[in-house]
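In this chain, numbering begins with 1 at the start of the sequence shown.
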Amino acid sequence: MQNLHEHYMRMALKEAQIAFGKDEVPVGAVIVYKGQIIARAHNQIKMLKDPTAHAEMIAITQAAAFLKNERLNECDVYVTIEPCPMCVGAMVLGRIKNLYYATEDLKTGACGSICDLIGHKKLNHRIKVTQGILRDECRAVIQEFFKRKRSLTKA
């Protein structure tokens, strides 16, 4: 099963690399339904001039359109970095079954890094969370992006 999780995370990582190439924060997400990828997205915040255009949000919209249903009960989300509160909220509202993320986000992570919104006991839906799949690879892409950003601002 681990190889299957790694496969889906590699698909999310490909999306993150697309974002990197577009000068967007390199986050990628895929949504899987019954073993099939039904949505894939990367951050498009700068391109769309939309603060909500996170990879997860775009993928959730695609998955709901694909299934013609706002409930994504049997869907799994794979994302390269820990989701923020907005994305966790959308996942809870969409009734996502499982969340798999690669690396922590110590600035906005809502699955335990800065807060544990996803595990809040008063929420009406629980999402099973697994972290660490391809952690080093996904973290390296984010780190390289911000390293380049910092070096450009010094120049």
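Hydrophobic clustering (ILVMFWY, side-chain heavy atoms < 4.5 Å, transitive): Val129 and Met91 are in one cluster. No path of Ile, Leu, Val, Met, Phe, Trp and Tyr side chains, each step under 4.5 Å between heavy atoms, connects Ile127 with Tyr78, placing them in separate hydrophobic clusters.
Interatomic distance, Gln44 CD to Asp50 CG, rounded to the nearest 0.5 Å: 9.5 Å. Of the inter-residue distances, the one linking Thr80 atom OG1 with Leu13 atom CG reads 7.0 Å to the nearest 0.5 angstrom. With rounding to the nearest 0.5 angstrom, the NZ atom of Lys128 is 11.5 Å from the CG atom of Leu99. Here the CG-CE distance, from Asp23 to Met47, works out to 13.0 Å after rounding to the nearest 0.5 Å. With rounding to the nearest 0.5 angstrom, the CD atom of Gln143 is 9.0 Å from the CG atom of Asp136.
For the side chain to side chain contact (heavy atoms under 4.5 Å, CB included) test, residues two or more places apart in sequence or in another chain that qualify with Arg126 are Lys121, Leu123.
In summary, Arg10 and Glu137 engage in a salt bridge, as defined by a charged side-chain N under 4.0 Å from a carboxylate O.
Closest of all the heavy-atom pairs between Gly35 and Tyr8 is O-OH, 3.0 Å.
Atom NE2 of His120 has 12 or fewer heavy atoms from other residues, nucleotides or ligands within 6.0 Å.
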Discussion item. If you apply the rule side-chain hydrogen bond (donor to acceptor under 3.5 Å, both in side chains), what do you find for Ser113 with Glu82, and how did you get there?
Written reply: CA-CA 8 Å; Ser113 288; Glu82 180 181 2; 2.4 Å; yes
side-chain hydrogen bond (donor to acceptor under 3.5 Å, both in side chains), that's the test. Do Tyr33 and Glu74 meet it? Break it down for me. CA-CA 6 Å; Tyr33 174 72; Glu74 295 302 315; over 6 Å; no
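Between the side chains of His42 and Lys14, not a single donor N or O lies within less than 3.5 Å of an accepting N or O.
For the pair Glu6/Met9, no side-chain contact is recorded, criterion being any heavy-atom separation below 4.5 Å from C-beta on.
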